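Taking it in order: structure first as structure tokens, then the write-up.
All values derive from a computational prediction rather than experimental measurement. A, B, ... follow the sequence lines: proteins, then strands. Residue 1 opens every chain.
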There are 2 protein chains.
Amino acid sequence: MQPDYHDETSSCLRASELLGRIANKWTLLIVRELGTGPKRFNLLRRDIGDISQKMLSSTLKSLERDGIVIRDVTPTMPPQVEYSLTALGRDMKAPVEALASWAIQNADTIDAARKRFDMHNHG
Amino acid sequence: MQPDYHDETSSCLRASELLGRIANKWTLLIVRELGTGPKRFNLLRRDIGDISQKMLSSTLKSLERDGIVIRDVTPTMPPQVEYSLTALGRDMKAPVEALASWAIQNADTIDAARKRFDMHNHG
DNA sequence: CTGAATCCCCACGGATACTG
DNA sequence: CAGTATCCGTGGGGATTCAG
């Protein structure tokens, strides 16, 4: 049924396509937050920090579509919606965390490199 | 010397900021390509596949600024420019590869999840 | 509380053409 | 070969408002 994604050429193309959707700031931050357990919308929003509600809801919808996140609605008043990782999402957690912690650990180094580069180019 | 990025609050903010620059399609694909060894501009372009020369050169410049990539010019005619990873870049290779191979390995699963999701919503 | 809808701006990113 | 410059459209993403 599906086109065969398993020859090397098209798998590379698909890798590039998938990375386009997966490898973005909000996706990684959300997966990272949900990696510590289920969270509700506004808590997620607060914990991520500087994400707008639009981006949070649209990114969550994409992640739900991709089978990475589960949306669990408790129809109370007011309604409660809890987001959590699927098995696929939990599987994604490790690589995401690896990249995130690399970024954190090397923040200073990168910052210094930037300053050096800008000094050369500016001054 | 440097401001202390090590308290939790600001390290999270910096993580988000850095991920915004690092976690994008082109950065990951380039680091991945260069992970196999130095490459010249057009070879890099061909191997990545669908990247425009504008995006390739601008992303390479950002990576050079961040101290992740080194640009090595051999002033011949025609000129040869070789790009390679710095120590920092090589250090980044593992997490990048982890995320990329996760994406490739789960391409089919994600695709199936999408189709299911779209069927529910469409039909 | 959890969003969807709307408006709007601008940066990402493609196409093309031109330099050294 | 290895870019830079320019034009230009699309969509990312913020602010605000409305709904369930």
Report the distance from atom [atom1] of [X] to atom [atom2] of [N], rounded to the nearest whole Å.
{"X": "B/K54", "N": "D/dT4", "atom1": "NZ", "atom2": "C1'", "answer": "11 Å"}
{"X": "A/D50", "N": "D/dA15", "atom1": "CG", "atom2": "P", "answer": "10 Å"}
{"X": "B/R45", "N": "D/dA2", "atom1": "CZ", "atom2": "P", "answer": "11 Å"}
{"X": "B/M55", "N": "D/dA2", "atom1": "CE", "atom2": "C1'", "answer": "16 Å"}
{"X": "A/Q80", "N": "C/dT2", "atom1": "CD", "atom2": "P", "answer": "7 Å"}

[Y] and [X], any side-chain heavy atoms less than 4.5 Å apart:
{"X": "B/K115", "Y": "B/D111", "answer": "yes"}
{"X": "A/L63", "Y": "A/Y83", "answer": "no"}
{"X": "A/R114", "Y": "A/I110", "answer": "yes"}
{"X": "A/M92", "Y": "B/N106", "answer": "no"}

Counting heavy atoms from C-beta on, name the nucleotide in [options] closest to the side chain of [X].
{"X": "A/V81", "options": "D/dC1, C/dG13, C/dT2", "value": "C/dT2"}
{"X": "A/R40", "options": "D/dA2, C/dT2, C/dA17", "value": "C/dT2"}
{"X": "A/N42", "options": "C/dT2, D/dG14, C/dG20", "value": "C/dT2"}

_Is it the case that the base of C/dT16 and the side chain of B/Q53 share a donor-acceptor contact (distance under 3.5 Å, atom types as modelled)?_
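A donor-acceptor contact between them is present.
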*Name the one of B/T86, B/L88, B/L34, B/V31 that satisfies side-chain contact (heavy atoms from CB on, under 4.5 Å) with B/V69?*
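Among B/T86, B/L88, B/L34, B/V31, the one that satisfies the side-chain contact (heavy atoms from CB on, under 4.5 Å) with B/V69 is B/L34.
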_Position toward the 5' end of DNA chain D (nearest nucleotide), B/P78 or A/W26_ =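 Between the two, 5'-proximity favours B/P78.
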Would one find a side-chain N or O of [X] under 4.0 angstrom from OP1 or OP2 of [N]?
{"X": "B/K61", "N": "D/dT4", "result": "yes"}
{"X": "B/Y83", "N": "D/dG3", "result": "yes"}
{"X": "B/S57", "N": "D/dT4", "result": "yes"}

*With DNA chain C as reference, determine whether A/L43 or B/S52 sits nearer its 5' end, using the nearest nucleotide of each.*
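Closer to the 5' end of DNA chain C: A/L43.
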_Under 4.0 Å, heavy atoms only, any strand: does B/K25 hit a base, just the sugar-phosphate, or nothing?_
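Counting heavy atoms under 4.0 Å across all strands, no contact is made by B/K25.
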